[in-house]
Amino acid sequence: MRKNYRVKSKKDFNAIFKDGQNFANRKFVVYKLEKDQKHFRVGISVSKKLGNAVVRNSIKRKIRHVLIKYQRDLAKADFVVIARKGVETLDYHQVEQNLLHVLKIAKIYQEGFVCEKEQ
């Protein structure tokens, strides 16, 4: 995922947490902040409680892969994906199913919605 698609600074994370809305299912929490921009930006948070660095990075890779796969259907907003306990036991397809479910609840992901992508 390219740098301009990521939320990295503490200031941006705090703004999303403070001013954004939150949505959740059993495996993920998503904080969303509507913004007027060309594309979405995402931050990913995986707690140390979920496992060692190898496990956490594996979870982040699965989340990133789902977001890249469906990037054309994601709304132009800043959002943070937080993995909950239990995600470490899921395979890729279960992560995809659960993540898309919570993104639909948050109205970030809409099937068939095409976000204009600046290249």
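The structure presented is a predicted model; accordingly, all values stated were derived computationally and were not measured.
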In Å and rounded to the nearest 0.5 Å, what is the [atom1] to [atom2] distance from [X] to [Y]?
{"X": "Leu74", "Y": "Gln110", "atom1": "CG", "atom2": "CD", "value": "10.0 Å"}
{"X": "Ile16", "Y": "Asp78", "atom1": "CD1", "atom2": "CG", "value": "4.5 Å"}
{"X": "Ile63", "Y": "Ile68", "atom1": "CD1", "atom2": "CD1", "value": "12.0 Å"}

Side-chain heavy-atom pair [X], [Y] within 4.5 angstrom cut-off:
{"X": "Phe79", "Y": "Leu67", "value": "yes"}
{"X": "Lys3", "Y": "Lys8", "value": "no"}
{"X": "Phe23", "Y": "Ile108", "value": "no"}
{"X": "Glu88", "Y": "Ile59", "value": "yes"}
{"X": "Phe17", "Y": "Val80", "value": "yes"}

Next item on the list: Would you mind checking if Arg41 and Asp12 are paired as a salt bridge, meaning a charged N to carboxylate O distance below 4.0 Å?
Entry: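 Yes.
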
Checklist line | side chain to side chain donor-acceptor pair (under 3.5 Å) against Lys27, all qualifying residues, sequence neighbours excluded | finding: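 None.
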
Check: Between His39 and Gln71, is a side-chain contact (heavy atoms from CB on, under 4.5 Å) present by the stated rule, with each step listed?
Finding: CA-CA 9 Å; His39 53 76; Gln71 71 183 358; over 6 Å; no

Donor-acceptor contacts, no H, no angles, side chain residues 95-103, under 3.5 Å, sequence neighbours left out:
unit_1 : atom_1 : unit_2 : atom_2 : d
Glu96  : OE2    : Lys69  : NZ     : 3.0
Glu96  : OE2    : Tyr70  : OH     : 2.6
Asn98  : ND2    : Gln94  : O      : 2.8
His101 : ND1    : Asn25  : ND2    : 3.2

Margin query: If I compare all heavy atoms of Gln37 with all of Lys76, which pair ends up nearest, and what's the gap?
Written below: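 So the minimum-distance heavy-atom pair works out to O-CD, 3.1 Å.
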
Check: Which heavy atom in Val30 sits nearest to a heavy atom in Ala106, and how many Å separate them?
Finding: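 Shortest heavy-atom separation between Val30 and Ala106 comes out as CG1-CB, 4.5 Å.
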
Check: Is it the case that more than 12 heavy atoms not belonging to Lys85 sit under 6.0 Å from its NZ atom?
Finding: yes

Next item on the list: Answer yes or no: are there more than 12 heavy-atom neighbours, outside Arg6 itself, under 6.0 Å from its atom CZ?
Entry: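 Yes, because the 6.0 Å sphere around CZ of Arg6 holds more than 12 heavy atoms from other groups.
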
Item checked: Ile82 and Phe28: CA distance, side-chain angles, deciding distance, side-chain contact (heavy atoms from CB on, under 4.5 Å) verdict -> CA-CA 6 Å; Ile82 302 172; Phe28 294 102; over 6 Å; no

Donor-acceptor pairs under 3.5 Å, side chain of residues 42-55 to any protein atom, not counting sequence neighbours: which ones?
unit_1 : atom_1 : unit_2 : atom_2 : d
Ser47  : OG     : Lys49  : N      : 3.1
Asn52  : OD1    : Val54  : N      : 3.2
Asn52  : OD1    : Val55  : N      : 3.1

Item checked: Expected output: side-chain Lys62 to main-chain Leu90 donor-acceptor under 3.5 Å ->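 Between the backbone of Leu90 and the side chain of Lys62 there is a qualifying donor-acceptor contact (under 3.5 Å).
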
Next item on the list: Please assess Arg84 against Val29 for the test side-chain contact (heavy atoms from CB on, under 4.5 Å), listing each intermediate value before the final yes or no.
Entry: CA-CA 7 Å; Arg84 283 184 161 176; Val29 178; 3.3 Å; yes

Next item on the list: Look at the aromatic rings of Tyr92 and His65 and report parallel, tilted or perpendicular, splitting at 30° and 60°.
Entry: perpendicular

Next item on the list: Just do the ring-ring contact (aromatic ring centres under 6.0 Å, His included) check on Phe40 and Tyr5 with the steps written out, would you?
Entry: CA-CA 6 Å; Phe40 72 92; Tyr5 282 83; 5.2 Å; yes

